[in-house]
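These notes are about the structure you will find just below.
Here is the naming used below: chain letters follow the sequence lines, and residue numbers restart at 1 for every chain.
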2 protein chains.
Amino acid sequence: MLQTVRRAAQVLRLFTPEQAEWGVTEVAAALGLPKSGAHLLLRTLAAEGLLQRTASGRYRLGWSLFELSQTKLETTDFLLVARRVMEQLVAGWGETTHLAVLVDGQVLYVEKLQGDRALEIVLSRVGKRLPAHCSGVGKVLLAHRPWEEVVAIVERQGLPALTPNTITTIERLRAELEAVRHQGFAYDQEEVMVGLCCAAAPIRDETGEVVAAMSLSVPAYRFYPYRQRLTTAIVEAARRISTQLGYDGEGSQWNDTAGSRSRSSARATSGRT
Amino acid sequence: MLQTVRRAAQVLRLFTPEQAEWGVTEVAAALGLPKSGAHLLLRTLAAEGLLQRTASGRYRLGWSLFELSQTKLETTDFLLVARRVMEQLVAGWGETTHLAVLVDGQVLYVEKLQGDRALEIVLSRVGKRLPAHCSGVGKVLLAHRPWEEVVAIVERQGLPALTPNTITTIERLRAELEAVRHQGFAYDQEEVMVGLCCAAAPIRDETGEVVAAMSLSVPAYRFYPYRQRLTTAIVEAARRISTQLGYDGEGSQWNDTAGSRSRSSARATSGRT
DNA sequence: CCTATATGTTCAACATAGATGAACACCGGA
DNA sequence: TCCGGTGTTCATCTATGTTGAACATATAGG
């Protein structure tokens, strides 16, 4: 593992909405490096466009990151397809939909469409991570990972309680994920924020792997009466996306029983251009 | 300059919409490295989330780039402000507006809003770069850089002709940029694509520096009759944005005569949180 | 089913690229 | 004007990254 590259990545991660600008000394202090080392890292990253030097000799994130990210988005097959379906969903329900992937054991929101009937969900922001064990999308994504991986994640990050409803024991999590896997969808019943519920379903690519999860969020008082219709709506929508991605339906070999490393050999035949 | 970090950045830049997936051998060949070296680079980048390993042991861009990019966007002051004004502009004219910055001597499109009356402009895509000397936004951005820098850019990238109207000599470019700087706006008269014109104006931050440029694109046959109104519209809009960013108006010390390194000492007082 | 070819992975010896700290230059505030 | 802090440079040393060849693994073809 290239130490220098790791450090460079660490430097990049220092830049957040809270502190968007860093100087040499600050970076050196934050990473425990000598000033000269931090200096060199920053200079090099700036030369490559990953950082940007301000007039005052400090640094901000560079536009190259935007370019790379854009490339990532354009080459992520499920995004384009999912967006269309999400728009329909929002149009029909007037609520908020989320699209998320699992990164490093956490949920990363990739897309969010807000309906006119929807309450502003401050917690979820595109580009932001949240713990996976509480949200609907998070539970869907975890449910389709091998159990050992889930254990490792929990050991690393714990099960922080965001509300009184949040799952906080690994036993309950195990039961929940098993249920989610078998029924094909997950609920969030005020587990991430009091007063907010959602239903979520998995999106699969042509190899059958779960690549993302989609959810429809509603205020709690609207959730319980409409639960059934909400569920079928999100499951249907997610399946429609999966189908468009080349996933050829249920029943077959893809009733993956994660926990065993069963499908680990599934290979993308897709490949190169 | 840290060689390893440079190489890591080179690796990232290999990933494009055309080839979004790379293997160890391919990367090694592309960069002229031994396989083991490429392997280590890819592994490290993947461990940091900047790349993602596929099931088949190949690599794609990672979601960390999306997160970093999102942070960049959220902390770029002019973006939020500009978006609002652009929406108004599109609503009023039904044409397409672009927002762009200068990166590495090229124009990088950062935002694009399409009106209902507008023709699809395939050439400009958010996240894509174009040479600066032909587009309206490009000329605005170049006009406010020191002339020596412009010369360096031209020496590096030449003046490729995208249409018969494209400026292809440095003399014409110099005259054009001077005019643009003095009048406060630029036209693109079918210089990037036949049949397409635009008017563009600079956006300044509170230090008076030109941080971005905005344009309103229209089909050529609609450009000439409406030129005057188009010009005032874009200039007005851009000025409104600048004002909201804290730029306190014309006339004062900001009539920057780029070419002399006059304002190089202007310092952002903005800073950290 | 088994071979052949290509691709990803590992390892240990070597050389150089990067780490380091002190001294310097520079700016902004007192 | 001076002072504290910040960014920058440099020469020394060693840890780090580089390298190529051998190994493991997967894909395509007979």
Query raised in the report: For A:R13, does the CZ atom have more than 12 heavy-atom neighbours from other residues, nucleotides or ligands under 6.0 Å away?
Result: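 Atom CZ in A:R13 is packed in, count exceeds 12.
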Requested in this report: Could you tell me whether A:R125 atom CZ has more than 12 heavy atoms of other residues or ligands within 6.0 Å of it?
Outcome: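 Counting other residues, nucleotides and ligands, CZ of A:R125 exceeds 12 neighbours.
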Query - Closest non-hydrogen atom pair between A:K139 and A:A186, with its separation - result: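 In terms of heavy atoms, the two residues are closest at CB-CB, 4.1 Å.
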Query raised in the report: Side chains of B:V11 and B:W22: does their closest heavy-atom pair fall under 4.5 Å?
Result: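 Sidechains of B:W22 and B:V11: no contact.
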Requested in this report: Find the distance A:L42:CG to D:dT6:P and express it as a whole number of Å.
Outcome: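 My rounded result for the distance is 14 Å.
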Requested in this report: To the nearest Å, give me how far apart CG (B:L45) and P (D:dG17) are.
Outcome: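 Rounded to the whole Å, the gap is 13 Å.
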Query - nucleotides 8-21 of chain C: protein proximity per nucleotide (B base, S sugar-phosphate only, - neither; heavy atom, under 4.0 Å) - result: BBB------SSSBB
Query - Residue of the set A:V137, A:V85, A:I203 for which side-chain contact (heavy atoms from CB on, under 4.5 Å) holds with A:L99 - result: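 For A:L99, the side-chain contact (heavy atoms from CB on, under 4.5 Å) check succeeds only for A:I203.
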